[in-house]
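Data first, discussion second: the structure below is written as structure tokens.
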Amino acid sequence: MGYRALVIDDNPVNTAVISGLLEKFQVKSVLASSGEETVNREDLDTFHIIFTDYLMPGMNGIQVGKEVHEKIKDKGVHIPVILCTANVGAAGQAADLEDGINYILTKPVKVGELEQVLKRYVDKDIKMIEK
């Protein structure tokens, strides 16, 4: 089965890095540059996981998580939302107060931690492909 991830970050370098790492696990990435762009998508329920930056202009990652879960709640699916940030302390405190975030992934993203997130939230048997 092919897995799909939505990767949201206002910095194209960050989306490219995460997308490249996901490719090693045969997870196809769709990229978005803002929270607003994300919550206006009609195909949110087709993703297996969402990775979002914490600090972005307009809507931050925690707000994205809340809006995504609100938008898909009647579709009978749950999509894990992973908050990506270098500021884990502040993000963790904010996420503790909010719904919508399943995990906080530290930037720079490490392959091992990403693998654990994918095993926990997408497929326990997912493996990195060797190239």
Side-chain angles (χ1 to χ4, degrees):
M1 172 178 195
Y3 296 109
R4 286 173 33 103
L6 181 58
V7 180
I8 311 150
D9 199 310
D10 58 313
N11 182 329
V13 172
N14 291 338
T15 54
V17 168
I18 294 174
S19 179
L21 291 174
L22 289 169
E23 191 175 289
K24 294 176 184 277
F25 295 93
Q26 295 182 308
V27 176
K28 181 180 190 250
S29 298
V30 175
L31 309 181
S33 60
S34 72
E36 292 83 356
E37 177 184 343
T38 299
V39 299
N40 289 323
R41 294 183 71 99
E42 294 298 323
D43 65 344
L44 282 174
D45 60 331
T46 67
F47 293 99
H48 297 93
I49 192 165
I50 295 173
F51 294 88
T52 181
D53 184 27
Y54 174 42
L55 295 175
M56 296 181 286
M59 183 180 291
N60 71 35
I62 294 170
Q63 293 165 320
V64 169
K66 287 178 69 170
E67 292 286 331
V68 164
H69 285 142
E70 184 64 29
K71 187 168 181 179
I72 64 171
K73 72 179 180 183
D74 295 333
K75 295 190 179 201
V77 295
H78 174 76
I79 303 167
V81 177
I82 311 304
L83 192 69
C84 302
T85 183
N87 191 351
V88 175
Q93 291 173 349
D96 284 344
L97 304 174
E98 305 288 344
D99 297 330
I101 301 302
N102 295 90
Y103 188 86
I104 298 174
L105 191 62
T106 306
K107 287 181 185 176
V109 175
K110 295 173 185 63
V111 174
E113 189 177 11
L114 178 63
E115 181 176 21
Q116 292 307 309
V117 166
L118 293 172
K119 285 180 182 267
R120 179 175 179 181
Y121 293 105
V122 176
D123 182 344
K124 66 181 177 66
D125 295 321
I126 203 163
K127 291 181 176 35
M128 187 168 74
I129 56 171
E130 299 297 325
K131 285 194 173 181

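Residue indices begin at 1 and follow the sequence shown.
Shown here are the side chain to side chain donor-acceptor pair (under 3.5 Å) partners of Asn11, two or more places apart in sequence or in another chain: there are none. Legend: residues meeting side-chain contact (heavy atoms from CB on, under 4.5 Å) with Lys24, ordered by chain and number and at least two apart, are Leu21, Met128. With sequence neighbours excluded, no residue forms a side-chain contact (heavy atoms from CB on, under 4.5 Å) with Lys127. Among residues two or more places apart in sequence or in another chain, the side chain to side chain donor-acceptor pair (under 3.5 Å) test is passed with Glu37 by Ser33. Residues passing the side chain to side chain donor-acceptor pair (under 3.5 Å) test with Asn102 are His78, sequence neighbours excluded. Residues passing the salt bridge (charged side-chain N to carboxylate O under 4.0 Å, His left out) test with Arg41, sequence neighbours excluded: Asp43. By the side chain to side chain donor-acceptor pair (under 3.5 Å) test, Asp53 pairs with Lys107, sequence neighbours left out. For Glu70, the side-chain contact (heavy atoms from CB on, under 4.5 Å) test picks out Lys73, with sequence neighbours left out. Applying the side-chain contact (heavy atoms from CB on, under 4.5 Å) rule to Ile126 yields the partners Tyr3, Phe25, Val27, Leu118, Lys119, Asp123; only residues at least two apart in sequence or on another chain are considered.
Under the side-chain contact (heavy atoms from CB on, under 4.5 Å) test applied with Val109, the options Ile18, Leu22, Ile82, Val17 reduce to a single match, Ile18. The side-chain contact (heavy atoms from CB on, under 4.5 Å) test with Phe47 is passed by exactly one of Leu6, Val81, Thr38: Leu6. None of Leu83, Thr52, Ile101 except one satisfies the side-chain contact (heavy atoms from CB on, under 4.5 Å) rule with Val64; the exception is Thr52.
The two residues Pro80 and His48 make their nearest non-hydrogen contact at CD-O, 3.3 Å. Closest approach of Gln26 to Ile129, counting heavy atoms only: CD-CG2, 3.5 Å.
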Q: Dump the intermediate steps for side chain to side chain contact (heavy atoms under 4.5 Å, CB included) on Val117 and Ile49, then the final yes or no.
A: CA-CA 10 Å; Val117 166; Ile49 192 165; 4.0 Å; yes
Q: Just do the side chain to side chain contact (heavy atoms under 4.5 Å, CB included) check on Leu55 and Thr85 with the steps written out, would you?
A: CA-CA 8 Å; Leu55 295 175; Thr85 183; 5.6 Å; no
Q | Ile8 vs Met56, side chain to side chain contact (heavy atoms under 4.5 Å, CB included): CA-CA, chis, key distance, verdict | A | CA-CA 9 Å; Ile8 311 150; Met56 296 181 286; 3.8 Å; yes
Q.
Under the criterion side chain to side chain contact (heavy atoms under 4.5 Å, CB included), I'd like the reasoning laid out for Asn14 against Phe51: C-alpha separation, chi angles, the key distance, then a yes or no.
A. CA-CA 11 Å; Asn14 291 338; Phe51 294 88; over 6 Å; no
Q.
For a side chain to side chain donor-acceptor pair (under 3.5 Å) check, start with the C-alpha distance between Tyr103 and Glu113, then their side-chain angles and the critical distance, and finish with the verdict.
A. CA-CA 11 Å; Tyr103 188 86; Glu113 189 177 11; 3.0 Å; yes
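Residues Lys71 and Glu42 have side chains in contact (heavy-atom distance under 4.5 Å, counting atoms from C-beta outward). Side-chain contact between Cys84 and Asp9 is absent, with no heavy-atom pair separated by less than 4.5 Å.
For residues 77-86, there are no salt bridge (Lys or Arg N to Asp or Glu O under 4.0 Å) pairs, not counting sequence neighbours.
Ile50 contributes atom CD1, which lies 5.5 Å from atom CG of Leu44 (distance to the nearest 0.5 angstrom).
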